[in-house]
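Numbers restart at 1 for each chain; the letters A, B, ... are given by sequence-line order, proteins then strands.
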4 protein chains.
Amino acid sequence: MEPIHTHRVEVRFRDCDPLGHVNHAVYLTYLEQARFSHWRDVWGFESFAFGEDGPGVILVRAEVDYRAQVRPGDVLDVRIGLAAVGRTSFTYEYEILDPANRLVASARTVQVLFDYREAKAVPIPDYIRAKLAGRADGAPG
Amino acid sequence: MEPIHTHRVEVRFRDCDPLGHVNHAVYLTYLEQARFSHWRDVWGFESFAFGEDGPGVILVRAEVDYRAQVRPGDVLDVRIGLAAVGRTSFTYEYEILDPANRLVASARTVQVLFDYREAKAVPIPDYIRAKLAGRADGAPG
Amino acid sequence: MEPIHTHRVEVRFRDCDPLGHVNHAVYLTYLEQARFSHWRDVWGFESFAFGEDGPGVILVRAEVDYRAQVRPGDVLDVRIGLAAVGRTSFTYEYEILDPANRLVASARTVQVLFDYREAKAVPIPDYIRAKLAGRADGAPG
Amino acid sequence: MEPIHTHRVEVRFRDCDPLGHVNHAVYLTYLEQARFSHWRDVWGFESFAFGEDGPGVILVRAEVDYRAQVRPGDVLDVRIGLAAVGRTSFTYEYEILDPANRLVASARTVQVLFDYREAKAVPIPDYIRAKLAGRADGAPG
């Protein structure tokens, strides 16, 4: 995987369940934070909205492979890579690593450009496609 | 406390933390569900807002006394009562009981009628005041 | 998909995010509740533990396809089916339906029988294998 | 309020609800993180418990006054102060500030020293009392 962005997450006690480790659902929240951090800090967009009047992004698929348990107080690095770009969708892949650089989870999510008012998928606009292309090449966004 | 509404909540595994009991923050979510259930099922208002074009409700204070631990799979009854009505705010009180009718928490929340566009408190409109009065009297809302 | 169990979930306001719909991470919590309900109500086991001294279950993979948005106050039915049984793992598939019987998400999770003290996977014990076999046939568990 | 510790929190998108701001229940999680950070980083105790074989801490009361809305991506400073020490309990007070140093919430929590095996409150042990005294004086802990 070729990372285009890394986001650091602090594990909260509230992220953890009676088994004493981070509940599996919370990993999706860590991925979400990494996406928003990428869009905001690298692309210059506010959280989930790609421009004021532009389409939003909706998640249509997520998959996670859990490889190691994580504990309260741990700090994690979420690495995000671009796996594929389609007509209306693009796919990210992720690796989550702990401070010892151990892989605790790998994941993929598929996002669709979505017109929330019309409630339908729309083709990826050129200015987003350019951002994605820049990132896929490793070139500045 | 004179209950004006009771709402049943199913404790989720995800509500619980590494100590094996419901995390204290989640009790506020149980109260929130009881309020929304009251507004929707008794008052006929959808979710959090008092009508589409009217002001919304914003929570300005919450206090909870925790009296007993609750476990995954438990079912709780949240009793809600009206404690006070002011010019722009009203106060609910709550009792949360487990199936053995044991008090697991008591609580109070203060809500303010809030114009989200202007970001300021507004006097309680008459149609809300009438609902509150009905409830306080025990009369039909 | 052949359901072996259906679990009803009430959508909480807190499950929803600034886009006004259930946040995608929360679907995994709905699946988790369905599993625990199946293990407790059908198999007679307490939540995540399969017998007092037996192994626990650890989730090693989850995948979700999101098909429709869900709103606060909705009630959902989570249908769970058994997709595969291996030496140390078994796979569930799921369909989440709204009151209009519309499919809002489909999903799969892979669980491994796990010795939490030794922190390693263990072969599925016979008494669990019998439960799984009963369920796969649709015979009483 | 005299702060004995400040803990920085990153607001997650998942902390926010359909009103677009941090849900009120999540503030309690921010306070919890501040407490754990204080106990771990200042006192040298791991997470929530005061030593492996000693008593734990249980929260018996929380109160929060909400003063301003907080948005996804905001960074907050949680200041914690010691308000009172009793025989079995101690009280923290808190101020939560945004980057513009605006007070977004103030709060208090009461903690009791708790023997989880016996399920009862116990007097604060001397080694905890010494930690609390050091902090209350502003002297090194």
Side-chain angles (χ1 to χ4, degrees), chain A residues 5-50 52 56-59 62 64 69-78 80 92 96 99 109 111 116, chain D residues 5-50 52 56-59 62 64 69-78 80 92 96 99 109 111 116:
Chain A
H5 187 64
T6 298
H7 179 67
R8 180 151 293 188
V9 171
E10 185 184 318
V11 173
R12 299 176 183 169
F13 184 71
R14 181 70 197 95
D15 297 342
C16 300
D17 66 25
L19 293 168
H21 58 210
V22 172
N23 183 267
H24 69 282
V26 178
Y27 289 70
L28 291 183
T29 297
Y30 298 163
L31 306 183
E32 185 176 62
Q33 285 306 106
R35 286 194 302 277
F36 288 174
S37 155
H38 182 242
W39 297 341
R40 186 187 59 224
D41 301 341
V42 180
W43 286 8
F45 290 136
E46 270 314 304
S47 69
F48 54 88
F50 285 172
E52 190 103 287
V57 163
I58 202 163
L59 203 91
V64 185
Q69 300 183 68
V70 183
R71 304 290 174 189
D74 283 356
V75 169
L76 299 174
D77 279 333
V78 183
I80 179 169
Y92 283 137
I96 306 183
T109 61
Q111 293 75 219
Y116 274 93
Chain D
H5 187 63
T6 298
H7 180 68
R8 180 150 293 188
V9 170
E10 185 183 321
V11 172
R12 299 177 183 168
F13 184 72
R14 182 70 197 95
D15 296 343
C16 301
D17 66 25
L19 293 167
H21 59 209
V22 172
N23 182 268
H24 68 283
V26 179
Y27 289 70
L28 290 183
T29 298
Y30 298 163
L31 306 183
E32 185 176 64
Q33 285 307 106
R35 286 194 302 279
F36 288 174
S37 155
H38 182 243
W39 297 340
R40 187 186 58 224
D41 302 339
V42 180
W43 286 11
F45 291 141
E46 269 316 303
S47 77
F48 55 91
F50 289 104
E52 192 99 285
V57 163
I58 202 164
L59 203 91
V64 184
Q69 301 183 66
V70 183
R71 303 290 175 190
D74 282 357
V75 169
L76 300 173
D77 279 333
V78 183
I80 178 168
Y92 283 136
I96 305 182
T109 60
Q111 294 75 220
Y116 273 94

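- Looking at every heavy atom in both residues, D:Y30 comes nearest to A:R12 through CE2-NH2, 3.8 Å.
- There is no contact between D:D41 and chain A, counting heavy-atom distances below 4.5 Å.
- Among D:R71, D:Q33, D:R14, the residue with the largest count of heavy-atom pairs under 4.5 Å with chain A is D:Q33.
- Your options are A:D15, A:V26, A:L28, and the one with the most heavy-atom pairs under 4.5 Å with chain D is A:D15.
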